[in-house]
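One structure is given here, and the rest of the page talks about it.
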Amino acid sequence: MEYNFLEIEKRWQEFWAKNGTFKVETDPSKPKYYVLDMFPYPSGAGLHVGHPLGYIASDIFSRYKRLKGFNVLHPMGYDAFGLPAEQYAIQTGQHPAHTTEKNISRYREQLDRIGFSYDWSREVRTCDPSYYKWTQWAFLEMFAHWYDLTAQKAKPITELISIFEKEGNTKINASCGDITLFTAQEWEKMSESEKESTLMQYRIAYLGETSVNWCAALGTVLANDEVKEGLSVRGGHPVEQKKMKQWQLRVSAYAERLLNDLDKVDWSDSLKEMQRNWIGRSEGAEMIFKVSNGSDEYDMVIFTTRADTVFGVTFMVLAPESEWVEKLTTPAQKEAVDEYVKAAGRKTERERIAETKKVSGVFTGSYATNPFTGEQIPVWISEYVLAGYGTGAIMAVPAHDSRDYVFAKAYNLPIKPLIEGCDVSQESFDAKEGVMCNSGFLSGMNVKEAIPAAIEEVEKRGVGKRKVNFRLRDAIFSRQRYWGEPFPVYYKDGIAHPMSIEDLPLELPEVDKFLPTESGEPPLARAADWNYKGYPIEKSTMPGFAGSSAYYLRYMDPKNDGTLVSKEANGYWQDVDLYIGGTEHATGHLIYSRFWNKFLFDLGYVCKEEPFKKLVNQGMIQGRSNFVYRIKGTNKFVSLGLKDKYDTTEIHVDVNIVNNDKLDIDAFRKWMPDYANAEFELESGEYICGWAVEKMSKSMFNVVNPDMICENYGADTLRMYEMFLGPLEQSKPWDTKGIDGVNRFLKRFWRLFFENGNFALSDAEPTPQELKTLHKLIGKVESDIENFSFNTAVSAFMIALNELYDLKCNKRAVLEPFIVLLSSFAPHICEELWTLCGHEGSVSAASFPEYCEEYTIEDTFEYPVSFNGKMRFKLLLSKSLSAAEVEAVVRSNENTLRYTAESPIKKIIVVPGKIINVVI
RNA sequence: GCGGGCAUGGCGUAAUUGGUAGCCGCGCCAGACUUAGGAUCUGGUGCCGUAAGGCGUGGGGGUUCGAGUCCCUUUGCCCGCACCA
């Protein structure tokens with residue numbers, strides 16, 4: 001009987017769907033295991049062979065855990081709001097919902113062909129109103145809460161109001177915007193709108209003026225992680241800084257917890273490090289400098305991590321956007337300052353980056369007083385100081401900070417070294433080491449002691465305080481687009497009000513066009529009579545990360561209309577045990593999601609503080625492009641080895657008409673009309689193509705489609721081959737040519753069960769050799785799966801199969817366990833063989849043999865040894881190696897075998913299994 | 001510039017974690033069965049050498065009886081961050 005994978009795979013996929021094989025319910029009698037994939041954005045291009053890599057790995061793990069007796073939650077859904085569908089709508093007028101729907105069904109078809117064990121009854125789509133109801137709900141909860149830094153917890157805003165009423169805000173330690181202190185009486189006297197704008201400074205979801213990344217081409221703002229090198233990640237359009245009023249999430253309030261709790265999760269070190277850098281905690285001090293513009297005097301606060309260098313401050317620098325600029329600019333300097341600030345404002349982020357090396361700045365005309373030396377020092381403005389970090393103002397210590405140094409050299413400002421023996425004639429001395437000098441009470445101290453000593457003194461003198469700063473900013477939450485979640489917010493007398501939770505979801509209105517209005521308002525402004533109880537509704541929509549921040553919770557209880565996730569469902573499924581996805585979400589989704597989860601945790605809606613216990617980043621699968629070489633000015637193509645003889649142009653050729661780097665010449669002639677009459681210069685009768693590893697993309701003709709692989713080789717082959725390609729976490733190019741190996745393996749595996757075309761298994765007792773092969777396989781595959789080393793597990797299957805062929809083994813007691821082991825990787829063929837073995841339904845591990853170490857012992861082998869003097873040996877000795885055998889060559893002493901002069905050793909018999917030290 | 005990672009046959013990789021380097025697969029070579037093979041099976045395949053033998057994990061050095069693995073140094077590639085005071 002032939003291995004007809006097309007028929008087998010289709011039949012079993014239907015069987016699983018019909019029987020709801022992978023549907024799960026909460027079941028307290030079984031341990032739970034939650035395996036999650038990062039759900040895809042359903043793009044119009046469909047899946048290429050690189051996309052399912054992580055899905056295959058997670059599916060293997062899910063099936064494995066099921067066999068191990070776990071109740072496995074393994075859901076899938078779609079991150080369905082997004083820019084491409086909207087861009088497509090702008091071009092074609094087709095509604096994004098329609099495009100999205102179409103793309104989703106294409107994705108679903110492709111996913112189904114690969115044989116995933118998803119519980120599709122739990123599917124979620126972020127663009128579905130019954131789903132985004134809970135995105136909007138979470139936003140309203142954030143609106144209704146503030147963050148208490150003392151308690152490190154989100155609390156209801158109603159509690160804050162009663163505190164205000166009782167004692168004002170003087171004792172409150174909250175994460176908030178710029179506020180002035182007030183008493184209970186002053187709070188009482190505030191108008192309704194004053195009270196609201198005060199509360200807005202405290203809310204976790206708040207509306208505030210901020211400098212945003214504005215992308216004019218897309219007509220919307222972008223988050224920091226959506227911008228790379230001054231260009232939008234999606235589309236690559238230029239992005240500039242602009243001040244706008246935007247909804248924001250107070251992610252920065254959670255910075256400390258987001259940082260600390262990284263220690264609790266099992267993620268790769270590199271990913272944790274990326275998050276740590278993104279959060280960017282730095283300890284230092286805020287210091288107050290008295291500044292004067294000649295008429296008025298102010299207290300200006302700066303942040304520094306090097307309080308110890310305060311004796312070397314020779315000037316101060318403000319960011320051009322700093323609010324101090326206006327106050328400190330003297331009339332004489334006004335013109336120069338205005339021009340500088342204007343020029344800086346005009347620049348895009350990209351231009352600023354490009355000019356990083358250039359130094360520019362302007363003097364304000366004002367002077368500050370060094371709180372320790374009393375010296376008068378000039379206050380400058382320069383772009384190298386960022387408005388968004390610290391207080392937007394710094395004390396400059398050119399001797400010990402390279403940026404200050406460059407600036408001081410450019411504008412001829414004094415440089416005052418503070419560390420004994422350091423040379424600052426060519427560059428600054430940035431290292432935090434050495435002995436301080438010229439530094440008053442700090443002189444003579446080591447830098448490491450001087451830093452805390454300086455901060456202590458700052459606090460003692462009342463000129464500042466210890467302070468921890470974070471780079472993590474609040475998340476800009478407004479997008480001026482159509483295809484996103486609407487904000488459940490309306491405006492009354494210019495004040496933002498939350499809608500009632502009962503009125504959720506607030507659905508997207510229909511619009512005639514998906515473009516901004518002529519007056520520059522977001523597309524939603526086109527819905528003329530869209531209102532809430534007669535009041536206008538917020539016109540921007542939420543960003544992409546809104547819908548993906550809590551989807552893993554919704555999977556636990558996807559149909560619940562009363563709450564995001566019930567206490568029971570959340571209590572059972574708890575958190576994601578294994579999350580598989582790409583690194584590209586390291587500083588976006590994976591931060592927002594953790595923030596969102598912590599917020600819901602504070603409110604008591606979820607029981608776990610961290611959402612993703614273990615995270616594995618699968619590597620990217622790149623394309624492997626092929627090239628042909630055309631002699632310039634002709635239609636003649638020369639094979640790779642001959643191309644240097646001519647002046648040629650390298651041209652991408654479709655990898656699907658190249659086999660093993662050999663061009664299918666007929667297919668090439670048919671591929672494009674231009675090549676119909678192409679001529680070829682061959683080597684050894686063949687046309688050899690060049691190749692390169694590049695991103696998989698249509699324009700490089702290197703896209704390989706999973707459907708095509710399923711059609712030609714089968715889903716089981718695809719699954720195993722993707723795993724066999726190399727370590728899961730490593731990036732690697734796709735190369736179809738190696739696929740025959742795993743395909744051959746499956747065909748041979750199938751044939752093992754047949755004799756003369758008939759299914760035939762022997763019920764005879766297996767031989768020790770056969771059992772050894774089986775148990776070696778069990779041990780290897782189980783440990784490999786647990787360690788996510790899927791490539792070596794596939795090798796182990798191949799080795800075992802080779803051995804079974806050598807042994808001509810067709811014993812049921814060996815092959816049935818083999819099926820069980822393999823079924824995670826190649827489920828279809830295993831289901832089929834399992835049925836042929838006479839079992840009802842899907843593969844199960846009910847009578848699976850336990851891994852037995854006894855059968856793992858390799859044959860002993862002799863290890864040649866040469867001695868010269870003292871040796872320490874660490875040997876792998878078999879437990880089957882009898883004491884007498886060992887005694888014959890060395891004298892045993894517990895775990896140490898001691899060589900003696902009386903028993904000269906020429907050889908030691910070595911067997912893997914146990915480590916024993918041999919001291920000679 | 002800072003941080004993280006990687007380097008092994010023609011190719012993808014493996015190596016019991018300091019113990020016979022190159023498992024498994026691709027490709028290639030030879031053979032069998034075949035009208036045929038993009039089917040199947042058998043054998044071979046790190047490099048040099050007819051062989052004996054020698055050389056071999058990017059380069060150099062070190063520790064060790066022993067190093068792909070540990071340490072120092074150097075080169076090359078990949079990823080992340082980037083004026084964060």
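Note that this is a predicted model, so its numbers are computed, not measured. Labels below follow one simple rule: chain letters A, B, ... track the order of the sequence lines, proteins then strands, and each chain is numbered from 1.
Distance check, rounded to the nearest 0.5 Å: OG of Ser731(A) to CD of Gln618(A) gives 9.0 Å. Rounded to the nearest 0.5 Å, atoms CE (Met316(A)) and CD1 (Ile381(A)) are 13.0 Å apart.
The nearest whole Å value for the distance from the CD atom in Gln730(A) to the C1' atom in rC77(B) is 13 Å. Rounded to whole angstrom, the span from the CZ atom of Phe825(A) across to the P atom of rG25(B) amounts to 16 Å. The distance from atom CD of Glu273(A) to atom P of rC79(B) is 19 Å, rounded to the nearest whole Å. Atom-to-atom, CD1 of Ile279(A) to C1' of rC81(B) comes out at 14 Å; the value is rounded to the nearest Å. At whole-Å resolution of the value, CD1 in Ile799(A) and C1' in rA14(B) are 9 Å apart. The interatomic distance linking Lys780(A) (NZ) with rC24(B) (C1') rounds to 10 Å, in whole Å. Taking atom CZ on Phe724(A) and atom C1' on rC26(B), their separation rounds to 8 Å, with Å as the unit. In this structure, Asp784(A) places its CG atom 13 Å from C1' of rA15(B), rounding to the nearest Å.
Not counting sequence neighbours, the partners of Pro727(A) by the side chain to side chain contact (heavy atoms under 4.5 Å, CB included) test are Gln730(A), Asn791(A). For the ring pair (Phe, Tyr, Trp, His ring centres under 6.0 Å) test, residues two or more places apart in sequence or in another chain that qualify with Phe797(A) are Phe818(A), Phe825(A). Residues passing the ring pair (Phe, Tyr, Trp, His ring centres under 6.0 Å) test with Tyr384(A) are Phe407(A), sequence neighbours excluded. Residues that satisfy the side-chain hydrogen bond (donor to acceptor under 3.5 Å, both in side chains) test with Thr717(A), not counting sequence neighbours, are Asn743(A). Qualifying ring pair (Phe, Tyr, Trp, His ring centres under 6.0 Å) partners for Tyr405(A), counting only residues two or more places apart in sequence or in other chains: none. Partners of Trp267(A) by ring pair (Phe, Tyr, Trp, His ring centres under 6.0 Å), not counting sequence neighbours: none found. Partners of Glu755(A) by side chain to side chain contact (heavy atoms under 4.5 Å, CB included), not counting sequence neighbours, listed by chain and number: Ala760(A), Asn810(A).
If you take atom C1' in rG61(B) and the same atom in rG12(B), they sit 32 Å apart, rounded to whole Å. Comparing rA67(B) with rA52(B), their P atoms sit 25 Å apart, to the nearest whole Å. Separation of the C1' atoms belonging to rA15(B) and rU40(B) is 32 Å when rounded to the nearest angstrom. Taking atom C1' on both rU45(B) and rG62(B), the two are 36 Å apart, rounded to the nearest angstrom. To the nearest whole angstrom, the two P atoms, one in rU8(B) and one in rC70(B), are 16 Å apart. If you take atom C1' in rG25(B) and the same atom in rC78(B), they sit 25 Å apart, rounded to whole Å. Comparing rC55(B) with rG5(B), their C1' atoms sit 30 Å apart, to the nearest whole Å. Going from the C1' atom of rG68(B) to that of rU20(B) covers 14 Å, rounded to whole Å.
When each of Ser270(A) and Val742(A) is assigned the nucleotide of RNA chain B with its nearest heavy atom, Ser270(A) is the one assigned upstream, toward the 5' end. The 5' end of RNA chain B is approached more closely, in terms of each residue's nearest nucleotide, by Asp269(A) than by the other of Asp269(A) and Ala387(A).
Residue Thr583(A) is classed as having no contact, given no heavy-atom separation below 4.0 Å to the nucleic acid. Residue-level contact check: Arg624(A) touches neither bases nor backbone, having no heavy atom under 4.0 Å from any strand. Among the atoms of the strands shown, only primed sugar atoms or phosphate atoms (P, OP1, OP2) are found under 4.0 Å from some heavy atom of Asn802(A). Across all strands shown, Ile394(A) has heavy atoms under 4.0 Å from base atoms, whether or not it also approaches the sugar-phosphate.
Contact check, Asn617(A) against rC79(B): no side-chain N or O comes under 4.0 Å of OP1 or OP2. Side-chain N/O atoms of Tyr384(A) include none lying less than 4.0 angstrom from OP1 or OP2 on rA85(B). Between Arg751(A) and rC41(B), a side-chain N or O to OP1/OP2 separation shorter than 4.0 Å is present. Taking 4.0 angstrom as the limit, Lys747(A) places a side-chain polar atom (N or O) nearer than this to OP1 or OP2 of rU40(B). Taking 4.0 angstrom as the limit, Arg748(A) places a side-chain polar atom (N or O) nearer than this to OP1 or OP2 of rC41(B). Between Thr792(A) and rC24(B) there is no side-chain N or O to OP1 or OP2 distance below 4.0 Å. Taking side-chain N and O atoms only, Asn791(A) has no distance below 4.0 Å to OP1 or OP2 of rG12(B).
Nucleotide rG43(B) is matched to rC29(B) when pairs are restricted to Watson-Crick or G-U wobble geometry with both distances under 3.5 angstrom. With a cut-off of 3.5 Å on both pairing distances, rU50(B) has no Watson-Crick or G-U wobble partner at all. rA21(B): no Watson-Crick or G-U partner with both key distances under 3.5 Å is found in any strand. Look at rG37(B): it lacks any Watson-Crick or wobble partner with both distances under 3.5 angstrom. For rG80(B), the paired nucleotide is rC2(B), the pair qualifying as Watson-Crick or G-U wobble because both relevant distances are below 3.5 Å. Taking a pair to require two hydrogen-bonding distances under 3.5 Å in either a Watson-Crick or a G-U wobble arrangement, rA7(B) pairs with rU75(B). Pair check for rU16(B) finds none; no Watson-Crick or G-U wobble contact set falls under 3.5 Å.
Taking the syn range as angles within 90° of 0, the glycosidic angle of rG9(B) is syn. Syn is the glycosidic conformation of rU17(B), whose angle stays within 90° of 0.
We find that Glu283(A) and Arg466(A) are not joined by a salt bridge, their nearest charged nitrogen and carboxylate oxygen being 4.0 Å or further apart.
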Nucleotide N/O to protein N/O under 3.5 Å, stretch nucleotides 27-31 of chain B:
{"unit_1": "rG27(B)", "atom_1": "O3'", "unit_2": "Asn660(A)", "atom_2": "ND2", "d": "3.3"}
{"unit_1": "rC28(B)", "atom_1": "OP1", "unit_2": "Lys662(A)", "atom_2": "NZ", "d": "3.2"}

Produce the list of close N/O pairs, under 3.5 Å, pairing protein atoms with atoms of nucleotides 71-73 of chain B; give distances to one decimal.
none

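Side-chain contact of Thr583(A) with Asn617(A): a donor-acceptor pair under 3.5 Å is absent, judged by distance alone. Between the side chains of Asn802(A) and Arg748(A), a donor-acceptor pair is found at a separation under 3.5 Å. Using modelled atom types and a 3.5 Å distance limit, the side chains of Asn469(A) and Ser282(A) yield no donor-acceptor pair.
When the nucleotides rA14(B), rG80(B), rC83(B) are ranked by their closest atom to the side chain of Pro727(A), rA14(B) comes out on top.
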